[in-house]
Amino acid sequence: MTTLDRDVVIIGAGPSGLTAAYELRKAGKTVAVLEARDRVGGRTWSQNMDGATIEIGGQWISPDQTGLYSLIEELGIETFERYKEGKSVYIAEDGTRTVYEGEDFPVGEATIAEMNKLIAEMDRLTAQVNPDAPWEHPQAAELDMISFHHWLRSISSDEAACNNIGLFIAGGMLTKPAHTFSALQALLMSSSAGSFSNLVDEDFILDRRMVGTMQGVSIAVAERLGTDVYLNNPVLKLDWSEDGVTAYGADVTVNAKKVVIAVPPNLYSRISYNPPMPRRQHVTHQHQSMGLVIKVHAVYSTPFWREEGLSGTCFGPNSIIQEVYDNTYHGESTGTLVGFISDVNADAMFELSEAERKETILKGIAEFLGEKALTPEVFYLSDFGSEEWTRGAYATSYDLGGLFRFGPDQNKNVGPIYFSSSDLAGEGYQHVDGAVRMGRRTAARIVASVDGTDYDPNYDGVISKFGAAQEQNA
């Protein structure tokens with residue numbers, strides 16, 4: 001067993017924990033990062049499968065994600081545009097397949113009008129919401145008591161319009177049925193992206209990808225931290241007092257002034273705290289849970305859909321696979337599709353045998369793009385729900401009433417214990433951008449506490465507070 005003395009110990013080597021460690025090092029603080037897995041990156045992860053680059057976890061960056069953009073600029077990482085050329089495909093509730101162009105789904109004019117009405121109302125409310133404190137909205141308590149499903153139907157009686165709009169947050173983001181989370185939680189999701197209009201625009205929210213993959217961002221930061229990152233060291237016990245902490249990994253123990261718990265809230269209880277956490281934290285964390293989504297990867301010898309004038313973008317709000325996109329990696333000649341199967345549809349897929357699951361999913365893609373989709377060269381399903389150190393995807397959210405009741409406490413430190421993850425972010429919530437912002441903000445709070453200086457509560461984490469020269473002198 002190796003015992004280390006550091007200013008700060010960070011639990012979790014995902015984007016948020018690594019960013020926090022990187023910022024602390026720049027500020028002249030000593031750090032150690034303990035990671036349970038045998039890799040860095042957390043919910044970002046990539047592999048090469050038969051010559052094709054597969055991003056198993058998070059991968060896209062949108063124009064509003066300025067925190068992440070500032071980090072990759074600092075790291076010298078470039079981006080490339082997602083393939084968007086050509087027509088899209090929509091499958092209606094009755095199974096009708098339509099190839100279309102433009103922003104609107106190919107549904108009746110009355111349904112389009114109702115969808116636009118719902119979008120406008122979401123945008124109106126979103127503009128009133130502070131993503132860092134959605135519970136401060138004048139109607140927060142009311143909005144947190146009604147499910148997003150029922151709130152939509154209180155605005156519109158058009159079922160197709162409600163399902164189409166619900167898709168973007170329920171299946172597309174929180175990966176939970178719309179009746180299980182509140183309208184306030186949905187508003188947090190949209191305010192985190194700047195507007196609901198941004199959230200429903202796939203060309204905005206799924207704008208670009210990383211050259212070197214999204215996991216490459218974590219790898220680049222970890223390289224700068226060098227030997228201060230310790231893999232295969234899950235922390236299952238944490239001693240703490242107002243004077244400091246001791247974190248016990250598998251073969252590394254760290255004594256530190258502060259600790260950053262940089263894992264999703266559903267994993268906080270994996271750690272045994274001595275003394276126990278206060279009652280408020282015990283209760284709060286039980287109301288934050290992961291969604292469930294299967295990310296489908298299908299690689300073909302060529303991107304055949306492009307030859308047919310299709311972008312690879314497909315929507316089916318009532319289909320097993322609700323979204324499909326061209327996910328071909330920069331510079332590769334093969335064609336890759338990515339699809340998403342969320343919440344109860346994911347439950348249904350996991351009830352099938354492996355062979356039945358593959359057949360059902362490929363038939364679902366073929367309903368959008370034709371029989372060529374039935375025979376990929378690579379077929380892989382991302383299943384973070386089975387990962388011991390994640391247990392779901394994409395991120396945690398509160399149950400009904402939880403965001404208003406417990407949200408104000410989610411970012412408060414408990415003595416020397418600080419929390420940092422994309423799950424706790426305002427802007428960039430659920431995205432790597434939010435993880436970066438939270439990592440920077442948490443580091444700045446700790447530096448202020450350790451140095452006895454003031455912390456700026458308006459600091460948004462977009463630009464690093466600490467210069468590269470300070471890091472070199474750490």
Side-chain angles (χ1 to χ4, degrees), residues 14-15 18-19 40-88 103 172-173 193-194 198-223 295-314 323-340 369 376-378 380 382 394 422 428 430-437 462:
L18 290 170
T19 300
V40 301
R43 284 168 275 179
T44 63
W45 185 19
S46 55
Q47 289 188 7
N48 187 284
M49 300 183 186
D50 292 341
T53 300
I54 302 296
E55 298 214 53
I56 297 169
Q59 61 176 79
W60 286 291
I61 181 171
S62 53
D64 62 313
Q65 294 181 9
T66 49
L68 177 55
Y69 262 114
S70 72
L71 176 61
I72 64 173
E73 287 169 5
E74 183 178 339
L75 298 173
I77 295 174
E78 297 181 349
T79 65
F80 66 96
E81 187 174 5
R82 177 178 68 87
Y83 187 82
K84 307 168 186 173
E85 298 177 17
K87 298 179 180 180
S88 302
E103 297 179 359
M173 290 293 174
N198 284 344
L199 203 63
V200 301
D201 181 356
E202 71 275 8
D203 288 344
F204 178 90
I205 207 72
L206 310 179
D207 181 36
R208 303 183 72 85
R209 295 173 61 190
M210 301 292 169
V211 174
T213 78
M214 188 66 84
Q215 187 191 10
V217 177
S218 290
I219 292 171
V221 176
E223 287 174 348
K295 187 178 183 182
V296 179
H297 312 267
V299 182
Y300 303 87
S301 57
T302 63
F304 62 85
W305 51 93
R306 297 182 187 177
E307 302 163 7
E308 300 169 13
L310 300 176
S311 63
T313 299
C314 310
E323 300 172 83
V324 176
Y325 301 99
D326 185 321
N327 211 40
T328 306
Y329 185 70
H330 176 68
E332 293 182 349
S333 60
T334 52
T336 301
L337 293 172
V338 64
F340 298 92
L369 296 173
E377 296 182 352
V378 175
Y380 182 82
S382 299
Y394 308 112
S422 63
Q430 287 206 347
H431 293 91
V432 176
D433 177 71
V436 170
R437 289 170 186 253
V462 171

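We use all heavy atoms of the structure for the numbers below, so side chains are in, but hydrogens, waters and symmetry mates are not.
Side-chain contact, E377 with T334: no donor N or O sits under 3.5 Å from an acceptor N or O. In this structure, a donor-acceptor pair under 3.5 Å is absent between the side chains of Q215 and S218.
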* Go through the steps for Y394 and K295 under the test side-chain contact (heavy atoms from CB on, under 4.5 Å), then give the verdict. => CA-CA 10 Å; Y394 308 112; K295 187 178 183 182; 6.0 Å; no

* To do: Evaluate side-chain contact (heavy atoms from CB on, under 4.5 Å) for R209 paired with N327, printing each intermediate quantity in order.
  => CA-CA 10 Å; R209 295 173 61 190; N327 211 40; 3.4 Å; yes

* Asked: What's the verdict on side-chain contact (heavy atoms from CB on, under 4.5 Å) for D326 and R306, showing C-alpha distance, side-chain angles and the deciding distance?
  -> CA-CA 9 Å; D326 185 321; R306 297 182 187 177; 2.9 Å; yes

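Ring geometry for W60 against F340 counts as tilted: the plane angle lies between 30° and 60°, on a 0 to 90° scale.
Inter-residue side-chain proximity for M210 and V217 is flagged as met; some heavy-atom pair is nearer than 4.5 Å.
S62 and D207 get closest at one heavy-atom pair: CA-CB, 4.2 Å.
Counting only distance, with no hydrogens or angles, the side chain of E332 and the backbone of T53 share a donor-acceptor pair below 3.5 Å. Panel note: side chain Q59, backbone T213; no donor-acceptor pair is recorded below 3.5 Å. Side chain of T328 to backbone of T336: a donor-acceptor contact under 3.5 angstrom is found.
For Y300, the ring-ring contact (aromatic ring centres under 6.0 Å, His included) test picks out F304, with sequence neighbours left out. By the ring-ring contact (aromatic ring centres under 6.0 Å, His included) test, F80 is found to be paired with Y329, H330, residues two or more places apart in sequence or in another chain being considered.
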Show which side-chain atoms of residues 430-437 pair as donor or acceptor with protein atoms under 3.5 Å away, not counting sequence neighbours.
from : atom 1 : to   : atom 2 : distance (Å)
H431 : ND1    : Y429 : O      : 3.0
D433 : OD1    : G67  : N      : 2.9
D433 : OD1    : L68  : N      : 2.9
D433 : OD2    : R437 : NE     : 2.7
R437 : NH2    : T66  : OG1    : 3.0

